[in-house]
Amino acid sequence: MTARLATHPLVSERTASVLERLGAAGVDVEQAELGSSQDPLAQVRDGAIDLALVGIDALRGSAGDGLTTVAVLPREEVRDVLVPVESRATSWTELPAGARIGVFGARRRAFLSVHRPDAVAVELDGDDAAAVLAGSVRDDVDALIVSMISARAAGRVEAAVEALDPKAWLPAPGQGALTLVARHPIAEATALDHLPTRTALRTELALLDALDAPLDSSLGCLAQPSGRWIRLWAAAASEEGRRLVRCDLTRPLDEPESLGSAVAAELRSRGYALVESR
């Protein structure tokens, strides 16, 4: 079959690998070009396209109402990595006090304040971070912290000197996960669905919704199914790193939403609202 597909801008760097998977599953894909202000999910609803490739942000709240999550693709690498720019450090611990670390987003900025309070966070926007990762010279940055996926997309995985522990330096909710959304099930695409990732994504979405966490939040989380159980780690930190709240709980595999809600309640009881008020 032939399907028209559009990709949400936040996950556009991963379109090529998904096209290969769809092609192998027997779906001939025509890529639709959307403007920066156009919502792929709205385009699916209107019938302008058949499939939307989106991340967790596009599925928040009621955004996906009336649509079918055809497939949740196997989760890719969830970790953030350290990429030296001017520094010669070969690990996280070798960065000297006062090292200037380029970060994009509230989560990385807050976690850096917790884990390396002696370092200086240099705030970058997404374009700046991508430019530095690609080799643009900046004398105010000694190293970058970016996702492994971004480093791979830029061809800079070999430059990364350390992958940060995802149980301590928690990834963003849904990091590494992609979904294909349509109005109706598409059998060939459904074959790509990965149940463990779907369950993990349901858990992390439930946590986000229960906390009503903003998109630019310091919240990090990671859900991992194992056998009959699923475990969820979550943490948030104040911008200056003086306060950290964290929690991890385990529930039966068939209770992902319950687990997300339970961890949210525990984070709230430990002061999540104070942390995110920043």
Side-chain angles (χ1 to χ4, degrees), residues 10 13 57 77-176 208 211 213-222 233-247 267 270-278:
L10 290 177
E13 63 190 12
D57 291 341
E77 176 61 71
V78 301
R79 292 174 295 179
D80 281 350
V81 294
L82 178 70
V83 181
V85 177
E86 294 296 332
S87 172
R88 294 175 179 267
T90 59
S91 72
W92 176 249
T93 56
E94 283 191 9
L95 286 171
R100 299 159 299 178
I101 314 300
V103 292
F104 169 48
R107 175 184 60 89
R108 294 187 179 102
R109 186 171 64 248
F111 280 14
L112 181 63
S113 296
V114 169
H115 293 287
R116 283 298 304 264
D118 59 327
V120 177
V122 178
E123 294 191 45
L124 306 175
D125 63 24
D127 291 338
D128 285 341
V132 176
L133 192 59
S136 177
V137 176
R138 284 185 62 140
D139 58 11
D140 62 336
V141 174
D142 298 309
L144 287 175
I145 295 177
V146 297
S147 71
M148 177 77 83
I149 291 170
S150 294
R152 183 178 293 121
R156 295 278 288 167
V157 170
E158 297 300 323
V161 296
E162 186 172 5
L164 304 182
D165 180 358
K167 307 296 174 51
W169 183 284
L170 286 154
Q175 188 161 316
L208 279 174
L211 289 173
L215 292 180
D216 185 26
S217 164
S218 74
L219 178 70
C221 68
L222 180 63
W233 291 263
S238 57
E239 186 172 358
E240 76 287 347
R242 294 175 185 168
R243 187 176 180 92
L244 173 72
V245 295
R246 61 180 301 138
C247 171
L267 289 177
R270 297 181 184 187
Y272 173 79
L274 295 176
V275 165
E276 283 297 355
S277 65
R278 59 178 192 278

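Pairing each heavy atom of Ala235 with each of Arg246, the nearest pair is CB-CB, 3.5 Å. Ala213 and Tyr272 make their closest contact through CB-OH, 3.6 Å (heavy atoms, listed as atom of the first residue, atom of the second, distance). Across all their heavy atoms, Pro84 and Ala89 have their closest contact at CG-O, 3.6 Å. What you find for Ala163 and Val81 is that their closest heavy atoms are CA-CG1, 3.9 Å. Across every non-hydrogen atom of Ala121 and Val103, the tightest pair is CB-CG2, 4.1 Å. Leu82 and Ala143 get closest at one heavy-atom pair: CD1-CB, 3.9 Å.
When the ring-ring contact (aromatic ring centres under 6.0 Å, His included) test is applied to Trp92, the partners found at least two apart in sequence or on another chain are Trp169. Residues satisfying the side chain to side chain contact (heavy atoms under 4.5 Å, CB included) test with Val78, not counting sequence neighbours, are Arg75, Pro166, Pro171, Leu222. Taking the side chain to side chain contact (heavy atoms under 4.5 Å, CB included) definition, one finds that Val141 meets it with Val85, Val122, Arg138, Leu144, sequence neighbours left out. By the side chain to side chain donor-acceptor pair (under 3.5 Å) test, Arg270 pairs with Glu266, sequence neighbours left out. Applying the side chain to side chain donor-acceptor pair (under 3.5 Å) rule to Glu77 yields the partners Arg79; only residues at least two apart in sequence or on another chain are considered.
Atom SG of residue Cys221 and atom CD of residue Gln175 lie 10.0 Å apart, to the nearest 0.5 angstrom. In this structure, CD in Glu162 is found 8.5 Å from CG in Leu95, a value given to the nearest 0.5 Å.
Annotation: side chain of Leu112 is not in contact with side chain of Val120 (no heavy-atom distance under 4.5 Å). Between Asp80 and Arg107, some side-chain heavy-atom pair lies under the 4.5 Å cut-off. Annotation: side chain of Leu211 is in contact with side chain of Leu267 (closest heavy-atom distance under 4.5 Å).
Annotation: ring-ring contact (aromatic ring centres under 6.0 Å, His included) contacts involving residues 120-140, sequence neighbours excluded, are absent. Applying the side chain to side chain donor-acceptor pair (under 3.5 Å) test to pairs two or more places apart or on separate chains, those with a residue in residues 96-105 are Arg100-Asp142. Sequence neighbours left out, not one pair with a member in residues 126-155 passes ring-ring contact (aromatic ring centres under 6.0 Å, His included). The ring-ring contact (aromatic ring centres under 6.0 Å, His included) analysis of residues 130-151, with sequence neighbours excluded, yields no pairs. For residues 131-154, no residue pair satisfies the ring-ring contact (aromatic ring centres under 6.0 Å, His included) rule, not counting sequence neighbours. Pairs engaging residues 116-127 under the side chain to side chain donor-acceptor pair (under 3.5 Å) rule: Arg109-Glu123, Arg116-Asp118 [sequence neighbours left out].
In this structure, the side chain of Ser113 does not engage the main chain of Pro117 through any donor-acceptor pair within 3.5 Å.
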> Can Val275 and Ser218 be said to form a side-chain contact (heavy atoms from CB on, under 4.5 Å), step by step?
Replying inline: CA-CA 9 Å; Val275 165; Ser218 74; 4.1 Å; yes

> Stepwise, does the side-chain contact (heavy atoms from CB on, under 4.5 Å) test hold for Leu219 with Leu208?
Replying inline: CA-CA 9 Å; Leu219 178 70; Leu208 279 174; 3.9 Å; yes

N/O donor to acceptor pairs below 3.5 angstrom from side-chain atoms of residues 145-158, sequence neighbours left out:
from	atom 1	to	atom 2	distance (Å)
Ser147	OG	Ser150	N	3.0
Ser147	OG	Ser150	OG	3.0
Arg156	NE	Leu133	O	2.8

